[in-house]
Amino acid sequence: MSCQNIRDALAACILKSDCVLKSNPPRSPAECLRDHHEELPEECQHLRKALFECRRGMLDMRKRFRGLDPSQHDNTKDTIDPAASR
């Protein structure tokens with residue numbers, strides 16, 4: 001289980017945010033994430049929380065035995081072709 005997709009989406013979101021693009025003096029993405037996260041767009045704030053939850057899930061020993069949370073699982077690979085079952 002890797003959080004890389006969420007991390008990449010968060011990085012792209014922060015780079016497009018006003019916090020990085022329109023701040024005076026210019027702010028780095030790390031500074032926006034660390035010190036000005038309340039100024040980030042709602043999408044970035046949701047991605048920030050999702051990354052936190054993903055990282056926490058990697059350390060949670062209970063989840064290691066239970067497996068992936070269904071909300072984090074990629075369901076596109078598990079779809080069954082109805083024509084194949086005939």
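Atoms considered below: every heavy atom in the structure, side chains included; atoms not considered: hydrogens, waters and symmetry mates.
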Let me check something: any side-chain donor-acceptor pairs from residues 11-23 under 3.5 Å, sequence neighbours excluded? List them with distances.
residue: Ser17; atom: OG; partner: Ile14; partner atom: O; Å: 2.7
residue: Ser23; atom: OG; partner: Cys19; partner atom: O; Å: 2.9
residue: Ser23; atom: OG; partner: Pro25; partner atom: O; Å: 3.3
residue: Ser23; atom: OG; partner: Arg27; partner atom: N; Å: 3.1

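- Shown here are the side chain to side chain contact (heavy atoms under 4.5 Å, CB included) partners of His37, two or more places apart in sequence or in another chain: Leu40, Arg48.
- In this structure, the separation between CE on Met58 and CZ on Arg56 is 14.0 Å, given to the nearest 0.5 Å.
- Between His36 and Glu39, the side chains place a donor N or O and an acceptor N or O closer than 3.5 Å (distance only, hydrogens not considered).
- For the atom pair CG (Asp35) and OG (Ser28), the distance works out to 8.5 Å, reported to the nearest 0.5 Å.
- Here the CG-CD distance, from Leu51 to Glu53, works out to 10.0 Å after rounding to the nearest 0.5 Å.
- Applying the side-chain hydrogen bond (donor to acceptor under 3.5 Å, both in side chains) test to Glu38 and every residue at least two apart in sequence or in another chain returns nothing.
- For the pair Glu31 and Arg34, the salt-bridge criterion is not met [side-chain N within less than 4.0 Å of a carboxylate O].
- Here the side chains of Cys44 and Pro41 are in contact, with some heavy-atom distance below 4.5 Å.
- With values rounded to the nearest 0.5 angstrom, Cys54 atom SG is found 12.0 Å from Leu10 atom CG.
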